[in-house]
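Beneath this line is the structure, given in structure tokens, with notes to follow.
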Protein chains: 2
Amino acid sequence: MSKSEVAELPLLQNGDVVPCCPPITAGELSQVDAEKMAAMFKALSDPVRLRLFSKIASHPGGEACVCDIADVGVSQPTVSHHLKKLREAGLLTSERRGTWVYYQVAPSVVAAMAAMLDLRG
Amino acid sequence: MSKSEVAELPLLQNGDVVPCCPPITAGELSQVDAEKMAAMFKALSDPVRLRLFSKIASHPGGEACVCDIADVGVSQPTVSHHLKKLREAGLLTSERRGTWVYYQVAPSVVAAMAAMLDLRG
DNA sequence: CGTCTATGTTGACACTCGTCGATACGGGTG
DNA sequence: CACCCGTATCGACGAGTGTCAACATAGACG
């Protein structure tokens with residue numbers, strides 16, 4: 001029952017849409033594709049993560065320092081925990097610049113999620 | 001940041017995109033909007049639900065009988081449980097026709113999710 | 001070096017979730 | 001009516017998740 005099979009997500013750089021999976025209207029998802037997609041949706045299935053993500057996405061350049069977005073109503077370790085989850089899902093990348101750590105959205109991964117929800121398949 | 005005030009999960013009929021929440025690039029999500037969006041994403045954050053959903057979405061008319069999609073590797077009660085979750089999230093509607101129950105996708109809700117992931121905000 | 005600030009990690013806890021078997025319900029059919 | 005088939009609900013169990021306090025790590029600066 002326990003599936004510790006952590007599907008390794010793309011983790012690719014900005015550019016274009018990664019053809020991870022076809023639109024959901026294109027046919028039945030395979031087991032593997034379903035697990036990959038589910039991992040991405042799960043990353044956005046928490047209100048705190050969603051708020052962190054929107055704060056970063058709405059910053060100029062789609063990038064923000066942790067110190068700029070940490071005010072979401074939970075403790076600092078919890079913020080760090082959620083940012084790690086988003087990073088592991090491939091939705092964010094992080095980079096340390098001196099004292100601060102900056103997180104950037106991974107546009108191609110987000111675009112791939114949106115493409116999968118396109119019903120005009 | 002313009003946040004639309006939608007009372008509860010749409011559950012509306014096919015037609016156009018429900019303006020649930022602005023694109024994630026449009027500004028910080030409110031607590032309420034984040035919870036609504038998170039609930040929708042959570043509904044698609046499970047591989048079994050994703051496979052059920054894709055099976056329905058890829059059927060002609062975006063509708064399918066339970067008997068046509070129930071083969072996803074889990075027991076019948078579990079299938080029923082997941083379909084209920086998708087229904088409660090507003091992503092599916094169900095209708096009994098004689099012996100069988102048919103599930104249909106709610107295109108507007110799915111389109112709203114895709115719109116929220118549009119980075120070209 | 002020592003210290004301060006910013007961020008990440010660890011361990012523990014309560015709670016939620018996915019799953020199943022057993023059971024109930026609803027509607028055809030004989 | 002009795003029976004069977006398709007689907008939903010219930011109750012229970014193990015695994016997973018979000019949260020925090022405490023602690024650890026990494027630069028900046030004196």
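Numbered from 1 within each chain, the chains take letters A, B, ... in sequence-line order.
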From CG of Leu92(B) across to P of dT7(D) the rounded distance in Å is 15 Å

Exercise. Counting distance only, does the side-chain N/O of Ser54(A) pair as donor-acceptor with the main-chain N or O of Leu29(B) below 3.5 Å?
Worked result: yes

When rounded to whole Å, the CZ to P distance for the pair Phe41(A) and dG18(C) reads 15 Å

Sorted by chain and number, sequence neighbours left out, side chain to side chain donor-acceptor pair (under 3.5 Å) with Ser75(B) holds for Thr78(B)

Between Lys42(B) and dT16(C), is there a side-chain N or O to OP1/OP2 distance below 4.0 Å? no

Does a sphere of radius 6.0 Å around CG in Asp68(A) hold more than 12 heavy atoms from other residues, nucleotides or ligands, not counting ones at 6.0 Å or beyond? yes

> Base, sugar-phosphate alone, or nothing: which one does Arg49(A) contact when heavy atoms must sit under 4.0 Å apart?
Replying inline: sugar-phosphate

To the nearest angstrom, the CG-C1' distance between Asp46(B) and dG16(D) comes to 12 Å

Scanning both residues in full, the closest heavy-atom pair of Met116(A) with Met40(A) reads CE-CE, 4.5 Å

Can you find a side chain N or O atom of Lys85(A) that sits less than 4.0 Å from OP1 or OP2 on dG18(D)?
yes

Distances for protein N or O near nucleotides 6-12 of chain C N or O, under 3.5 Å:
unit_1	atom_1	unit_2	atom_2	d
dG8(C)	OP1	Tyr103(A)	OH	2.7
dG8(C)	OP2	Ser80(A)	OG	3.0
dG8(C)	O5'	Ser80(A)	OG	3.4
dG8(C)	N7	Gln76(A)	NE2	2.7
dG8(C)	O6	Gln76(A)	OE1	3.3

Any non-hydrogen side-chain atom of His82(A) less than 4.5 Å from a side-chain atom of Val72(A)? no

Separation of dT17(D) atom P from Leu86(A) atom CG, nearest Å, is 14 Å

